[in-house]
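Everything below concerns the one structure shown next.
Chain letters run A, B, ... following the sequence lines, proteins first, then strands; residues in each count from 1.
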2 protein chains.
Amino acid sequence: MSQTSEPLRLGIAGLGTVGAGVLKIVRQKAALLEARSGRSIRVSAVSARNRDKDRGVPLKDYAWEDDPVTLATRDDVDVFIELMGGSDGPAKAAVEAALKAGKDVVTANKALLAHHGQALAELAEANGAVLRFEAAVAGGIPVIKALTEGLAGNEITRVIGVMNGTCNYILTRMEDGGLTYDEAFAEADGLGFLEADPNLDVGGIDAGHKLSLLAAIAFGTQVNFAGVELEGIGKITIEDIRQAADMGYRIKLLGVSRMTGRGLEQSMAPCLVPAGSPLGQLTGGTNMVVIEGDQVGQIVLRGAGAGEGPTASAVMGDVMDVARGLRVSTFGQGAKGLVSATPARATTPAPYYIRTALVDKPGALAKVAAALGEAGVSIHRMRQYDHTNEAAPVLVVTHRTTRAALDEALAAMKALAVVVASPVALRIEEV
Amino acid sequence: MSQTSEPLRLGIAGLGTVGAGVLKIVRQKAALLEARSGRSIRVSAVSARNRDKDRGVPLKDYAWEDDPVTLATRDDVDVFIELMGGSDGPAKAAVEAALKAGKDVVTANKALLAHHGQALAELAEANGAVLRFEAAVAGGIPVIKALTEGLAGNEITRVIGVMNGTCNYILTRMEDGGLTYDEAFAEADGLGFLEADPNLDVGGIDAGHKLSLLAAIAFGTQVNFAGVELEGIGKITIEDIRQAADMGYRIKLLGVSRMTGRGLEQSMAPCLVPAGSPLGQLTGGTNMVVIEGDQVGQIVLRGAGAGEGPTASAVMGDVMDVARGLRVSTFGQGAKGLVSATPARATTPAPYYIRTALVDKPGALAKVAAALGEAGVSIHRMRQYDHTNEAAPVLVVTHRTTRAALDEALAAMKALAVVVASPVALRIEEV
Ligand SMILES: NC(=O)c1ccc[n+]([C@@H]2O[C@H](COP(=O)([O-])OP(=O)(O)OC[C@H]3O[C@@H](n4cnc5c(N)ncnc54)[C@H](OP(=O)(O)O)[C@@H]3O)[C@@H](O)[C@H]2O)c1
Ligand SMILES: NC(=O)c1ccc[n+]([C@@H]2O[C@H](COP(=O)([O-])OP(=O)(O)OC[C@H]3O[C@@H](n4cnc5c(N)ncnc54)[C@H](OP(=O)(O)O)[C@@H]3O)[C@@H](O)[C@H]2O)c1
């Protein structure tokens with residue numbers, strides 16, 4: 001069934017966690033891959049920084065290139081596989097060189113695509129090349145494929161995702177281990193879960209990159225990472241987690257994107273989700289993406305978001321598609337047709353969770369309620385907690401309200417003399 | 001990026017729930033489909049039994065054919081879409097005619113493929129045609145795509161699925177509504193959830209069809225529906241459900257397939273799963289498929305398993321693939337390469353749940369324990385319940401054991417004078 005029975009020849013730049021994983025699959029599963037694609041999948045050449053490092057795989061069968069750009073344009077490379085990382089530098093240079101040479105490209109690099117996705121998609125198209133990036137979003141979960149291909153008959157209405165395993169691990173450990181944020185962060189760090197720059201994880205940047213790619217496919221828009229409202233998990237306290245649990249919610253670093261009348265919403269921020277929902281049930285380092293379409297309703301995909309095997313599995317899925325002759329546009333439609341959408345600050349009305357603390361005086365709670373009411377924010381539930389010092393923790397779950405009304409209410413609360421802790425608000429995402 | 005910019009012309013046979021849904025998408029989303037596939041998707045001709053029935057969609061723009069076989073071979077049809085149903089008769093005749101004429105075929109018909117999948121895959125291949133069936137398994141969930149394409153770099157180790165929404169609805173209502181099996185069955189019937197022959201649902205046949213298709217792709221085997229061990233949900237009592245819950249489990253009609261040294265295991269039977277697992281959390285009519293691969297670990301997919309929108313979404317996913325030029329073999333590899341696997345009765349050791357009832361005499365429980373022990377079945381937990389009549393309900397959760405040892409233990413239990421209710425055993429699937 002494949003288009004051709006010529007072997008498919010790969011050039012792999014980057015032999016770290018993911019690159020070594022891909023090499024192992026190509027070596028160990030040659031027969032299976034050939035049976036499934038109808039052609040043999042071979043590696044012609046590889047590249048990394050250090051030629052002498054032991055990668056757990058013998059490299060002598062492959063040509064070595066010090067320069068990934070040279071690798072990308074070799075005559076014996078049909079598909080260039082970029083697994084070095086970084087939004088610019090050699091990754092960008094090599095991917096561009098490969099596309100210009102008409103080579104198909106597979107990459108796991110979300111930073112590269114979040115920053116240069118539109119230009120690269122146009123370059124691919126101009127050169128009749130395919131650019132695939134399943135591994136860049138949610139690791140082993142075939143979510144790019146589901147969204148771009150499987151659900152191509154749908155108007156997508158919302159995409160939601162927990163796509164940074166490290167953040168979910170930290171939040172889970174705060175809840176189940178009773179750890180503070182700093183303790184859980186240190187534990188994750190000790191386990192090697194954090195990027196060299198931890199803000200990529202806990203600041204929501206890495207997950208924001210992924211969300212921007214999903215949004216482009218879902219809504220036919222140009223990738224716009226700068227338009228993602230980013231908020232990290234650093235301000236989440238153990239009390240937030242406990243109180244949210246008490247109200248039937250869990251806190252997740254949640255990516256949410258939808259197209260609204262006012263523009264494209266893309267937010268990556270801590271949110272509350274119902275504890276019993278699939279997202280609420282997600283613990284540890286696992287990822288989950290929820291896609292909602294006008295025809296299909298809600299599709300939930302769950303799996304490992306990182307690691308050698310899962311990420312290499314996603315890379316190989318793309319390689320097999322290329323081997324089988326699939327030629328889908330980078331973001332699911334012609335690059336020139338992708339529209340530049342105005343970013344909209346989360347405008348869809350939602351319920352919110354508000355945490356603050358009040359002086360322990362009669363009437364304090366009533367003043368807060370009044371401030372909310374005057375801003376047009378109606379209260380669904382309100383709780384005051386036991387306290388040992390002079391300030392009494394208070395939390396409020398509102399009915400659905402606009403972000404503007406909420407901001408007005410928060411400002412009014414801050415101005416109250418009885419409010420001793422600057423109020424923190426988290427959106428409750430209805431799933 | 002598409003292979004060609006010629007329009008893709010469809011012929012649709014069957015204008016019931018799914019067929020009308022597909023027509024609506026093609027009509028209402030023409031611009032979106034064209035932007036995504038690079039070509040216009042048009043309907044040339046349609047067929048159903050009754051030409052005069054109102055389908056909620058105007059049909060005057062399309063040629064009408066009384067005979068689906070004639071429709072399937074029309075010159076102005078590139079893709080034949082079979083949405084009539086039935087494992088033989090017109091569905092089979094029309095799909096064969098289309099493939100012989102070299103037309104690509106998209107179908108939602110699990111019965112057809114479960115019975116004739118191998119022959120049809122060979123026919124498609126011989127004629128250079130593509131045969132796709134995403135809608136046949138788990139409705140709107142793009143599971144065929146995930147398994148065949150996204151996870152093509154994996155050796156699949158196990159596939160598990162809850163793939164009959166009606167059965168899951170009945171079991172959920174028994175649990176949350178405290179209904180007997182007959183009451184829940186009647187409720188589902190009243191809601192129109194049951195097939196004309198309800199045994200297709202509650203007997204596990206429909207779900208068994210789906211499992212046999214997943215197994216073929218997962219393990220590179222010829223579809224073998226006759227090799228599926230089938231057991232319906234009719235013998236599940238409300239007590240089983242309560243006692244399972246009490247032990248931390250939920251009962252699901254679970255399809256499980258794995259390749260073992262003794263052959264291909266395919267079983268569709270009521271099983272216990274941990275209440276907190278994604279499968280255990282699945283309530284109502286929703287479907288879930290769990291795929292395990294040696295690289296990717298566990299991927300969980302969840303969504304609507306039936307209904308107009310979700311099923312039409314899956315059909316359109318296949319149509320869009322064809323429009324974009326994807327040409328994957330029917331079961332993920334060349335039909336001639338699919339092996340005929342020996343069916344293996346569930347041989348993988350598993351823990352079991354056993355329910356029985358004993359006369360209320362001292363030493364009765366000890367006799368049961370001894371019978372299990374002699375067969376080599378070791379007991380993990382054992383409970384005797386309060387009772388109002390002379391027989392005391394007893395349930396046992398075993399440690400992992402082989403089916404052979406279990407059967408020996410059950411036979412020994414039956415022979416005991418103190419055992420007054422023939423013991424019922426359900427496998428506990430570890431997920
Ligand atoms: N790890 C995961 O779980 C995961 C999951 C999803 C996506 N990704 C993405 O996959 C990509 C690779 O991640 P990784 O975890 O495999 O990274 P890694 O372990 O740090 O490996 C990076 C590799 O790139 C090579 N490299 C760096 N600069 C190079 C240069 N200028 N020329 C040639 N080779 C160069 C390195 O060579 P040396 O080995 O010689 O230093 C190393 O082999 C990144 O884009 C990452 O975001 C990773
Ligand atoms: N419904 C679901 O949720 C769902 C989900 C997954 C898969 N499926 C599968 O999808 C297929 C269609 O299901 P459905 O629910 O849409 O069935 P349906 O509502 O009963 O529709 C069947 C259609 O086929 C037509 N038909 C029957 N025999 C025909 C013949 N000899 N010639 C021409 N047309 C004929 C009927 O014509 P008339 O209308 O004139 O009687 C009707 O339009 C089945 O294979 C089913 O298993 C359905």
Side-chain angles (χ1 to χ4, degrees), chain A residues 1-3 21 25 29 32-33 35-38 124-125 128 130 134 140-142 145-146 148-155 220 276 278 281 293-304 307-310 312-317 319-321 324-330 332-334 337, chain B residues 1-3 21 25 29 32-33 35-38 124-125 128 130 134 140-142 145-146 148-155 220 276 278 281 293-304 307-310 312-317 319-321 324-330 332-334 337:
Chain A
M1 182 63 45
S2 70
Q3 307 291 71
I25 297 179
K29 294 193 198 299
L32 187 69
L33 299 176
R36 287 180 178 165
S37 69
E125 205 159 290
V130 163
E134 183 64 82
I141 306 176
K145 182 168 273 288
T148 317
E149 301 166 34
L151 305 178
N154 287 261
E155 213 138 332
Q281 298 283 325
D294 62 344
Q295 301 299 319
V296 80
Q298 189 181 74
I299 295 287
V300 179
L301 310 169
R302 174 189 153 125
E308 177 181 320
S313 164
V315 170
M316 287 309 302
V319 169
M320 292 294 279
D321 280 346
R324 284 162 161 171
L326 176 68
R327 304 196 76 74
V328 173
S329 305
T330 312
Q333 51 180 283
Chain B
M1 184 60 47
S2 68
Q3 307 291 70
I25 297 179
K29 295 193 198 300
L32 186 70
L33 300 177
R36 288 181 177 163
S37 68
E125 206 160 289
V130 163
E134 183 65 82
I141 306 175
K145 183 169 271 293
T148 317
E149 302 166 34
L151 305 178
N154 287 261
E155 214 139 331
Q281 297 284 325
D294 63 344
Q295 301 299 318
V296 80
Q298 189 182 72
I299 295 286
V300 180
L301 310 169
R302 175 191 151 122
E308 177 180 319
S313 165
V315 170
M316 286 309 301
V319 169
M320 292 293 280
D321 280 344
R324 285 162 160 171
L326 176 67
R327 305 195 75 73
V328 174
S329 305
T330 311
Q333 50 181 284

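- Every side chain to side chain contact (heavy atoms under 4.5 Å, CB included) that B:Ala304 has, sequence neighbours left out, goes to B:Pro310.
- Both the backbone and the side chain of B:Glu149 come within contact range of chain A, each with at least one heavy atom under 4.5 Å from a heavy atom of that chain.
- When B:Gln333, B:Gln298, B:Arg302 are compared by the number of non-hydrogen pairs under 4.5 Å with chain A, B:Arg302 comes out ahead.
- Both the backbone and the side chain of B:Ile299 come within contact range of chain A, each with at least one heavy atom under 4.5 Å from a heavy atom of that chain.
- Taking A:Glu134, A:Met316, A:Glu308, A:Met320 one by one and counting their heavy-atom pairs under 4.5 Å with chain B, the maximum is reached by A:Met320.
- Residues passing the side-chain hydrogen bond (donor to acceptor under 3.5 Å, both in side chains) test with A:Asp321, sequence neighbours excluded: A:Arg132, A:Lys145.
- Counting heavy-atom pairs closer than 4.5 Å to chain B, the top-ranked of the candidates A:Leu33, A:Thr148, A:Val319 is A:Thr148.
- Contacts between B:Glu155 and chain A at a heavy-atom distance below 4.5 Å involve backbone atoms as well as side-chain atoms.
- Put simply, of B:Gly153, B:Gly297, B:Gly309, the one with the most heavy-atom pairs under 4.5 Å next to chain A is B:Gly309.
- Comparing A:Gly317, A:Ser313, A:Gly21 by heavy-atom pairs within less than 4.5 Å of chain B, the highest count is held by A:Ser313.
- Contacts of A:Ile141 with chain B are made by both backbone and side-chain atoms, with heavy-atom separations under 4.5 Å.
- Looking at B:Ala152, the atoms closer than 4.5 Å to chain A (heavy atoms on both sides) sit in the backbone and in the side chain alike.
- Heavy-atom distances place the side chain of B:Ile25, and not its backbone, under 4.5 Å from chain A.
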